[in-house]
Structure formats: C-alpha cells, structure tokens
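Worksheet for the structure shown next.
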Amino acid sequence: MNETAEAVFQTRGLKRFYRLGEVTIEALGGVDLELYRGELVVLLGASGSGKSTLLNILGGLDSASDGSVRYLGRDGHGQDLTRATRRELTRFRRHHVGFVFQFYNLISSLTARENVAIVTEISRDPLPPEEALARVGLAHRLDHFPSQLSGGEQQRVAIARAIAKQPDVLLCDEPTGALDFRTGIRVLEVLEAINRATGATVAIITHNEVIGEMADRVVRLRDGRVDEIHANRRRRAAAELRW
Amino acid sequence: MKALHRKLLRDLWHLKGQALAIAVVIASGVMTLILTVTLVEGLTRAQARFYASHHFAEVFADVKRAPLGLVERLQAIEGVNLIELRVRAPVRLAVDGFDDPIRGLLVSLPDGRQPLLNRLHLLQGELPEAGRDDQVVVSDAFAGAHRLEPGSELEAIIDGHRTRLRITGIALSPEYLYQAAPTDLMPDYRRYAVLWMNRRALANAYGMEGAFNNLALSLQAGASRAAVIDALDLALARYGGTGAQTRHDQQSHRFIEEELAQQRIQATILPTVFLTVSAFLLNVVMGRLIQTQREQLAVLKAFGYGDGELARHYGLLAGLIVLIGWALGVALGAWAADGLGGIYRDYFRFPALPIRVPAWALALSLLVAALAALTGTGQAVWHAVRRPPAEAMRPPAPHRFRRTWLERVLPAALLGHELRMILRHLGRHPAKAGLSVFGIALSCGLLLMGAYQLGAVDRMIDQQYRRVLRMDIEVTLSEVTSARAAGELRHQPGVLAVESWRRVPVTLIHGHRDYRTSLLGLEARPHLRQVLDADGNAQTLPAEGLMLTRFLAEELDVAVGDTLEVAIMEGQRRRVTLPLAALVDEPLGAAAICGVTPSTP
Ligand SMILES: Nc1ncnc2c1ncn2[C@@H]1O[C@H](COP(=O)(O)OP(=O)(O)OP(=O)(O)O)[C@@H](O)[C@H]1O
Ligand SMILES: [Mg+2]
C-alpha cells in the first residue's frame, strides 16, 4: 500500500462508553487509526472487542464519547464527525457512506429494485438501481421481494443498495456471517470488484481470519483498542480463498 | 411513485387489520361528533327559521278579561311592535271511535286570515272562512294521532255548550311545537289538542264578546323586555292579568330550548370520551407498530434519511389511518344524523328539519381526530426517530424490570410467579397502565351513562306517579269552586277518597332572584298528593310558611328559615312574606306548597 496515500478517516483517542445503570462499559478505549483512500481493510477481533462500535462511529451511525474522527471526502470535503450536528451526520451518511449489515436489513415491503431506489432517490449522483443490481449479478431478480430471495441474494441486494449511491466508503459488518462458503465467496468477489472498479475505501468486519488475505491491511482489535495492524504484501483474489 | 411512498402503502396494507381497528375507533368518535353537531345545528336552524318565518311572538300575557279597546294603550307602550289580542279557551273534545276524554285549547284567529304573530303553517287545507263559527284548524300532531283530515268532524264542549266543529285545515304553530296539557309530563297527542277558530265565533261561544283574555306581542329592535313587561303588567293588572312572560317562560319554547341544551351537552361529552379513548388506543397501537418498524427506521437513517423525513413518513402513516377513520366517521355520522333527524322531525314538529353536515363540523372533527392521532403517535414516532441508528439496529436489550412495592408489602408466599410477572409488567409502565385503567374507566362510564339515563327516568316516573301523585283521577276545574264540590265528588259511586287543593299563580322573590310558578295549597296531611322529604317519607305540612322543591330553593338561593316574598298573580294581587319552612324532594316540577289556610287569598 502506498504510504503517501490520503487518509479518508483518521481517528485519535476514540472512546465509546455505554452506561448501564451503575456500570460503565468501555466499548472503545482510545483508538488511533487511519483508513486510506481506495484500500480494502479487514477488521478482525474477538466478539465484544469493539469492531461494530468502531465501524458505526466511522459511518456516522453512532457518536463517540471522547476523541475525534476526521473524515476527508474525495471532493476534498473534510469534517470532524465528533463535532457534527445530527443534520450534518445525516448528510454525511447520505452522500458518503454505504453500509452492508450482517443481517442484510432489507425493507421487506419493497422489491429488490425498490430497496435500491429508496437510497438512490436521495443521492446526488447514483447508479440506476438496475445497473447496481446488475453489478451484483441480480439483473434478473429486480422485482422480487426479499422474502422471495435466498440469503446470499439478499446480501447482494444489500450490497447493490450500498454501492448504488457510489459512496466514498463502503462499511460492511460481517457481510458473510450468515452465508455458506460458496455464497460468502460470491459476496466477497462483489466487494472486491467494487473496490477495484470505483476506488471506494472498503472496510470489512469478519471473524474469519482467511478473509484477511484479500485485504490491503488487516486491523486487529482487542478490548476496544487497536492490537495490531498488518499490511499484506499482496492481496489474494477473493475467488482463491478457502475455508 | 417514490419508493418511500410505496413502502407506506404496502405497510398500510400489511397492517390493514390493526389500521382498520384504529380507524374504527376514530370513526366512532368522529361519528358521534358529526351526529350530535349536525342535529344540534339542524334543530337550531330549523327553530330559528320557523320562528322568523311565522313571526313567533316574544312576549305573552294572560288576563281574565280585557276589552279590545285596550289595544291602543298597549300599542303605545314603548318598545312594542305588533300586538295580537286573542281569546283562548279550554275545550273538551270527542272523536268518533275514541272513548277517552280529550282536552284541548282553542285559540282565536282573526276572522278568515292569518294572525300577525304566531302564524300557522298549514300542512293541509285552509283557514276557517270568515264569519263561520263551526270551522277549526287543528294541530297536526293531534290530527295525525286520530287520522283526521280536512272535512273530518269533532264533537266539542266549549264553556258547557256542545257543538260540532268541522276541520278545514291541519297546521303547525311556532307557539305549540311542543304540545302537552299543562298538567301533563309528556305530550299525549291522542288526548290533547290545540285548535284554532275564528275570533268572533270563539268569543261568542266563550262569552268574550268584545274582549280578549290572552295577548302575544313582538318587540321593536333594541326594546327592553323588562320595561315592556312591567308596563304590560301595569296596564293589565285591573283586568286580571297574571303577569306577562317572555319566550323564556313559554312552555313550548322552553321545552325545545332545554332539549337543545341537552343535545349541546351531548355534542361535547360523547365525542370527547370517544376521541380520548381513540387517542389512547392510537398511542398504544402506533407505539407497537413503530416498535416493529424500528429496524427499518434505523436502516433508512443509516442510508441518509433525515429525522424530519422519517417523522413525516410515519406521521403520514398515522395520518392515512386517521383520514380513513375520519371519512368513515363522517359517512356514518351523516347517515345516523339523517336517521335520527327523522325521529326528531316527528318529535319537534318543525315544518322542515334540514339535515346538513356543517362544513365547520367536518373541519373540526378532522382537526380533533388529527390532534388525537398526533398526541397518540407523536411521542412514539419521535422516540423512534431520535434513537441513534446503530442502537436501533441491534436487537432490543432485555427490558429492565424491578420489584414492585406490592411485592415488598405482600408476603412472598402469597405471590406466585405469574402474579409476580404481572406486577412487574405493570410496574414497568405505570403511566401506560394508569392510562389503560383510565380508558377502561371511561368506557365503563359510557355504558353506565346510558344505563343511568334509563334508570333515572324510571325512578323519576316511579317517584312522581307512585309516591307523589297517588290519585287515580285528577279533576281540574276552570273556576275556583267551593269545597262543597269535593264533598259531592266523594259521594259518587266508586270514589274512595277525595282531596282538593288550590293552585294559584305566583312569583316567588328572594333578593334579586325571582321565579314564576304556582303555589299549591294542600290539606295539612295530604295522602293523594304527597309531599316527600329527602328519605322519601310523606311529610305533614308546616302550620306556618312555605315548602319549596329542592330545585326551586336552589334556583332562588334560599335556605330553610329564610323568608321570601310571594307575589300572588290573581285576585287582589297581594304580596305576602313567608318563611321557607321545609324542602320537598320531588323529581319533577318546581312547585311551591303551603297549607291551604295561610295563603289562600
Ligand atoms: N448499546 C449498547 N449498550 C451497551 N453495551 C453495548 C452496546 N453496544 C455495544 N456494547 C458493548 O460494547 C462492547 C463492544 O461491542 P461491539 O458490538 O462493538 O463488539 P463486536 O466486536 O462487534 O462484537 P461481535 O463480534 O460479537 O459483533 C461489547 O462489550 C458490548 O457488550
Ligand atoms: Mg459486531
């Protein structure tokens, strides 16, 4: 990875506490981390180590208790997410971030095409929903409802939804967690292709060490802190992964 | 169509069962509002229109007998506009094929034409021809009860003389919309009639040639009612005037006003209860519904939908349900008003009762329903929208429960696991549980209110006709008659007991309050017309002083022991001061009662 590359995200001393009655849980205990433009990062770590919390804060879905998160967009638009108002965070999510969740989270009353359209309708420069779905190999299932799709197909619709707005960053929380091996590989191939084709920064949370091999860098979290960052000399193609 | 709107419609379709349930609750609230408001508005307008078009008089007065020539003096009273001098006479009637006696009131008409005031609304036929003394117009309620038509004949006894009368027309009068005999509680159209007859014919038959015994007048704009009444009373005193009255004391008008007042109260209470309940139900159901949409909401937020857009989305969902409920309520309300209007038409006898849902009622009901929905859903939507999306997307944390104070108070052995779970659930949402209790209380209240009205009427009738008025036959004499007449009646075959009393029109005055009623002079210990106390026991009349019904005492703001002034409105028109000796508990009427000796003029 190019050392002079621009950091899309830069976190400093990032902390997140949860207060449950008298006990305070420290989900993030001071994270210093950069994500660079165009790279594919895999986040690994034990359950409860704070992966989702970190990704949610980066994506503007949650706010930090302490520390800072700087975001720098491709258009040169920079902002401090920890200081952003609700309205600014909404705008940030709308124009810059795409999410893929472990349980797809499609809207069950909308078809595949409509699930994508509901996002493109509020974006600045989106792909047509049909094209986004074609990129994930679902051109023939446009008018199916989520209940008529398999788990892998649903996850691909979710990816189509995330990429249709052509986001700067694509944040994926265990995108293959609920899928079998073969379907998981297909989904990873799609993410890899997007990363190469659009130059979007892609972050993937997983429990699967093998997936780390397809990344530019692997970030390992432990107890709410960055434990280790490992840069791969060479990315392996998703199709070559085996587990 | 936007995907978000499509989602809205599909969600609505998916939730159709729940949505319909909410809509029906809203519809019932809106329906009661539309129904009551439409009827009140229709009745009020029908009344106003009929009064205006048929020149309903504003002041009425009875005299014993006054010369027609007095009209000039009366006309000179400041503020008087039109005057109509009339003869009114009690009449006994007989209709072929109906055996019970019929009482009636004959009212004079200017020969062969409509009066200036209280014009008749002829439904059939025409007025009596000028100069005819055997033609009458009858009230339509009476005609309807006996299927009488123009051309039918009646047997009548006027002032002791029997004649046959021929019906020329059937009419409504603004003066007798409500027709009940003075001693009756309810209208009895078969046994009470109002008839109109040429003035000269009636005067001849009733011994009132060149004279009148009743007048009606209208006022000039801005005239002082009180001043006109004082002047009238002064002018009529020597002819046996019993005091002029405004519409307020006119039987028919007063009855209708009270009926309308009742309708107006219902028009506020019923819809309020229904809409409060629907707001509460909306709150519960919309809260649930939004709970189930929590995750979708979070996803939409994650992709950049703003708080406002989402609040609008769910507001629209609630709004559509409200709109459906409202439309249903308006349709049902209009339909019910139309149906009930038919019943009211028979009851109030306005010539026309236009049932039209007023536009403002539509707007008001929509506003009220929307407000109910807003209070019902606003909070649930706001809570859901304000949650950070990350939090909304993880499965809901197990609820936090606490031991309730009841558990601490009650011995553990008494509480099974089930009861404990129930208590903790209730304790988790005390406000919600409280509102549920309140809602159930309101609906029980509604049920009770309906049952109460029936029970109250039953009880009043029982009290009045079994405990107070215990006679089988009541005979009213048109003249004051000596007590010997009672003795004669006692000797009639089949008569067990006779009690006589005297009824005198009076005005009771206490401080600045006054009330016009009649004073009953009873025997010291009446049995056939009992005087009850608060416990329902028969009282003996006090040797000294007056008794008033509780209602009347409150109206006049007097307590037992206070004195009041009694202006006797007939004979020598004396004024006496009497103490209030005791209260009477009667459900009906506003009688003043005294022993027969002290106040007989
Ligand atoms: N809303 C919350 N309230 C309380 N504690 C929370 C909340 N969200 C996360 N936590 C706590 O913060 C810590 C980190 O959670 P996080 O979800 O980030 O872990 P994770 O690394 O994503 O785990 P997993 O691999 O199981 O998804 C955990 O201990 C979790 O219990
Ligand atoms: Mg996680």
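Throughout, a chain's letter reflects where its sequence line sits, starting with A, and its residues are numbered from 1.
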So, does A:E121 use its side chain to make a donor-acceptor pair with the main chain of B:A3 at under 3.5 Å? yes
Hey, which of A:D62, A:V97, A:L110, A:L55 has the most heavy atom pairs under 4.5 Å with chain B? A:L110
With no hydrogens and no angle check, is any side-chain donor or acceptor of B:Y305 less than 3.5 Å from a backbone partner on A:T90? no
Counting neighbours of NZ on B:K2 that are heavy atoms of other residues, nucleotides or ligands and sit closer than 6.0 Å, is the number greater than 12? no
Identify which part of B:L300 has an atom lying under 4.5 Å from any heavy atom of chain A, answering side chain, backbone, both or neither. side chain
Determine whether more than 12 heavy atoms belonging to other residues, nucleotides or ligands lie under 6.0 Å from atom CG of A:D223. no
Region of A:R86 that comes under 4.5 Å of a non-hydrogen atom in chain B: side chain
Gap separating the OG atom of A:S108 from the CD atom of B:E295, nearest 0.5 angstrom: 9.0 Å
Whatever's closer than 4.5 Å to a heavy atom in chain B on A:Y104 counts as neither
Go through B:R10 and A:F145 one step at a time and tell me if the side chain to side chain contact (heavy atoms under 4.5 Å, CB included) criterion holds. CA-CA 12 Å; B:R10 292 202 190 127; A:F145 283 93; 3.6 Å; yes
Check this for me, if you would: do A:R94 and B:E309 make a salt bridge, where the nitrogen-to-carboxylate-oxygen distance has to be below 4.0 angstrom? yes
Stepwise, does the side chain to side chain contact (heavy atoms under 4.5 Å, CB included) test hold for A:R161 with B:F303? CA-CA 9 Å; A:R161 175 176 64 180; B:F303 283 101; 3.4 Å; yes
Starting at CZ of A:F99, measure out to NZ of B:K301 and round the result to the nearest 0.5 Å. 12.0 Å
Are there over 12 heavy-atom neighbours, none belonging to A:H207, within less than 6.0 Å of that residue's NE2? yes
Proximity breakdown for A:S63 and chain B, heavy-atom pairs closer than 4.5 Å: neither
Any idea which of A:K165, A:R87, A:R91 has the most non-hydrogen atom pairs under 4.5 angstrom with chain B? A:K165
Does the side chain to side chain contact (heavy atoms under 4.5 Å, CB included) test come out yes or no for B:R6 and A:S109, once each step is laid out? CA-CA 9 Å; B:R6 217 166 286 177; A:S109 53; over 6 Å; no
Under 6.0 Å from the NE2 atom of A:H140, do we count more than 12 heavy atoms belonging to anything else shown? yes
